[in-house]
Protein chains: 2
Amino acid sequence: MELQEAKNEFIQAWGTFGSEWGINRTMAQIHALLLVSAESLSTEDIMEQLDVSRGNVNMNTRELIAWGIVYRVTKKGERREFFEAEKDIYKVAIKIMKERRKRELGPVLETLNELKQIKSSDKESKEFKRVISDISAFGESTDKMIERMIKADENWFTGSLMRFLTK
Amino acid sequence: MELQEAKNEFIQAWGTFGSEWGINRTMAQIHALLLVSAESLSTEDIMEQLDVSRGNVNMNTRELIAWGIVYRVTKKGERREFFEAEKDIYKVAIKIMKERRKRELGPVLETLNELKQIKSSDKESKEFKRVISDISAFGESTDKMIERMIKADENWFTGSLMRFLTK
DNA sequence: AATAACTTTCAAAATATTTTGAAAGTTCAA
DNA sequence: TTGAACTTTCAAAATATTTTGAAAGTTATT
């Protein structure tokens, strides 16, 4: 298999994987492209290689930068900006967890906490409260776990925690 | 806040949360509705309460059943089938992890393993291989972690592992 | 200050996903 | 069997999301 062919296959696979997890396909593809590019790429480069529009590249690179997994880099003597992916996959994973925790887990936990306040005199209300509290407790634990991972030494993944988890 | 109002808010929140994670909104809403319903519900009940079509309810209940987080129940003297959600939230979480691991993580790990086989003589190919191998290793560890959680005693969540993770 | 090089915006178009609902299929009781 | 009660299917319609591209905005250079 050619290198270029392999790269393209990876870009496809990463795009599919991303969209299965609620991440827009092009965003995941741009991320994949940057991951496997030796050099940093310009907007124009990305447009060409993925055959998408300027607006689309602009939108998604900004989003990737907001997630903290792609960096803007400048080159001397160049007006244009270039993009480069964070290649440390553990850092990438942590940044993604951090971002999704903030954007999606946070809001749902807030809602659950409000709903837990409902007065529960009758049996049905008590049952409702129990279900909500269970989910909330689970969510809080997950949240704490992510928080821990984020705060942990960047070697957490190869450290004792991970060895324990993955045998 | 009324119980009914609280239930509706939960159904909304759960639907939004689900769709942010690549799960179809109605599927998540049906799941939420069943979670907070004291009694098991018929197709008709779900249609009414969520104001969606019969086909939609049929499709999504089947999917929820395929995920193993909703059960079909029959009542004596009733032709119709009723639906009931698994209320043990740890079981639900495990089933979801298991299913998504199988459906989405598995395929991507297979692809990565193929791509790792590429011959890498030049520098660029070596670099590509390194990136792919890193992602693959991360994926495999995650996979093993999920496998462990699935196999673990059903109290894993409150057990030593989880206490370690969440302090 | 004018121009060129580049980036950003956003309404409209394209695409993808979800939902509908009527028709076909199934099961069971009479 | 028949037909009533219920479930399933799936093409078409509705909806939601993503993408485009041209115009507006910005910044650096002359």
Side-chain angles (χ1 to χ4, degrees), chain A residues 11-34 40-67 70-84 100 103-104, chain B residues 11-34 40-67 70-84 100 103-104:
Chain A
I11 291 165
Q12 276 328 104
W14 207 235
T16 302
F17 188 61
S19 71
E20 284 165 345
W21 287 86
I23 285 151
N24 135 13
R25 182 186 259 69
T26 305
M27 180 171 154
Q29 287 181 340
I30 292 176
H31 183 227
L33 172 62
L34 292 172
S40 57
L41 303 179
S42 68
T43 299
E44 208 88 17
D45 294 334
I46 299 171
M47 283 169 67
E48 255 173 46
Q49 297 210 42
L50 299 181
D51 196 25
V52 293
S53 73
R54 184 176 299 283
N56 199 358
V57 171
N58 184 265
M59 193 161 211
N60 287 115
T61 47
R62 305 184 120 246
E63 188 70 359
L64 286 164
I65 289 165
W67 282 53
V70 162
Y71 310 119
R72 255 183 231 283
V73 299
T74 47
K75 291 186 182 180
K76 59 185 174 193
E78 280 276 13
R79 282 284 302 279
R80 296 173 293 172
E81 290 177 321
F82 291 78
F83 303 100
E84 205 173 86
R100 299 205 81 161
R103 295 186 191 198
E104 296 142 16
Chain B
I11 290 165
Q12 275 329 104
W14 206 235
T16 302
F17 188 61
S19 71
E20 284 164 345
W21 286 85
I23 286 151
N24 134 13
R25 182 185 259 71
T26 306
M27 180 171 153
Q29 287 181 339
I30 292 176
H31 182 227
L33 173 62
L34 291 172
S40 57
L41 304 179
S42 68
T43 298
E44 208 89 17
D45 293 334
I46 299 170
M47 285 169 66
E48 255 173 47
Q49 297 210 42
L50 298 181
D51 195 24
V52 293
S53 74
R54 182 176 301 283
N56 199 358
V57 172
N58 185 264
M59 193 161 212
N60 288 116
T61 47
R62 306 183 120 245
E63 187 70 359
L64 286 164
I65 289 165
W67 282 53
V70 162
Y71 309 118
R72 255 183 230 285
V73 300
T74 47
K75 291 186 182 180
K76 60 186 174 196
E78 280 276 12
R79 281 285 300 280
R80 294 174 294 172
E81 290 177 322
F82 291 78
F83 303 98
E84 206 172 85
R100 300 205 81 161
R103 295 187 190 197
E104 296 142 15

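In what follows, chains are A, B, ... by sequence order, proteins preceding strands, each numbered from 1.
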Item to check | Non-neighbouring partners of Asp45(B) that pass side chain to side chain donor-acceptor pair (under 3.5 Å), sequence neighbours left out | outcome: Ser42(B)

Checklist outcome for this item: In Ile46(A), Thr43(A), Val70(A), the residue satisfying side chain to side chain contact (heavy atoms under 4.5 Å, CB included) with Thr61(A) is Ile46(A)

Checklist entry - So which of residues 45-63 of chain B are in contact with DNA chain D, with a heavy-atom cut-off of under 4.0 Å? => result Arg54(B), Gly55(B), Asn58(B), Arg62(B)

Checklist entry - Can you name the salt bridge (charged side-chain N to carboxylate O under 4.0 Å, His left out) partners of Glu20(B), sequence neighbours left out? => result none

Checklist entry - Want to settle it: does Glu81(B) or Ser19(B) sit nearer the 5' end of DNA chain D, counting the closest nucleotide to each? => result Glu81(B)

Checklist entry - Under 4.0 Å: is that the gap between some side-chain N or O of Thr26(B) and OP1 or OP2 of dT19(C)? => result yes

Checklist entry - Can you tell me how far C1' of dA5(D) sits from CD of Glu78(B), to the nearest Å? => result 11 Å

Checklist outcome for this item: Met27(B) CE to dA16(D) P, in whole Å, measures 19 Å

Item to check | Inter- and intrachain pairs under side chain to side chain donor-acceptor pair (under 3.5 Å), touching residues 72-83 of chain B, at least two apart | outcome: Arg72(B)-Glu81(B), Glu78(B)-Arg80(B)

Next on the checklist: Within the supplied structure, the quantity of interest is the number of heavy atoms (other residues, nucleotides, ligands) at a distance under 6.0 Å from Met59(B) CE; does it exceed 12?
Outcome noted: no

Next on the checklist: Rounded to whole Å, how long is the line connecting atom CD1 of Ile30(A) with atom C1' of dT19(D)?
Outcome noted: 11 Å

Checklist outcome for this item: Closest of dT7(C), dT18(D), dC6(D) to the Arg80(B) side chain is dC6(D)

Item to check | Euclidean distance, atom NZ of residue Lys75(A) to atom C1' of dC6(C) [Å, nearest integer] | outcome: 16 Å

Item to check | Nearest-Å distance for atom pair CG/C1', residues Asn24(B) and dT18(C) | outcome: 7 Å

Next on the checklist: Can you classify the ring geometry of Trp14(B) versus His31(B) as parallel (below 30°), tilted (30 to 60°) or perpendicular (above 60°)?
Outcome noted: tilted

Item to check | Which residues share a salt bridge (charged side-chain N to carboxylate O under 4.0 Å, His left out) with Glu48(B), sequence neighbours left out | outcome: none

Item to check | Rounded distance (Å) that lies between atom C1' of dT7(C) and atom CD1 of Ile65(A) | outcome: 12 Å

Next on the checklist: Strictly under 4.0 angstrom, non-hydrogen atoms only: write out the protein contact profile of nucleotides 24-30 of chain D, one letter per nucleotide from the 5' end, B, S or -.
Outcome noted: ---BS--

Item to check | Heavy-atom closest pair, residues Leu34(A) and Phe83(A) | outcome: CD2-O, 3.4 Å

Checklist entry - Which heavy atom of Ala28(A) sits nearest a heavy atom of Gly18(A), and at what distance? => result CB-CA, 4.2 Å

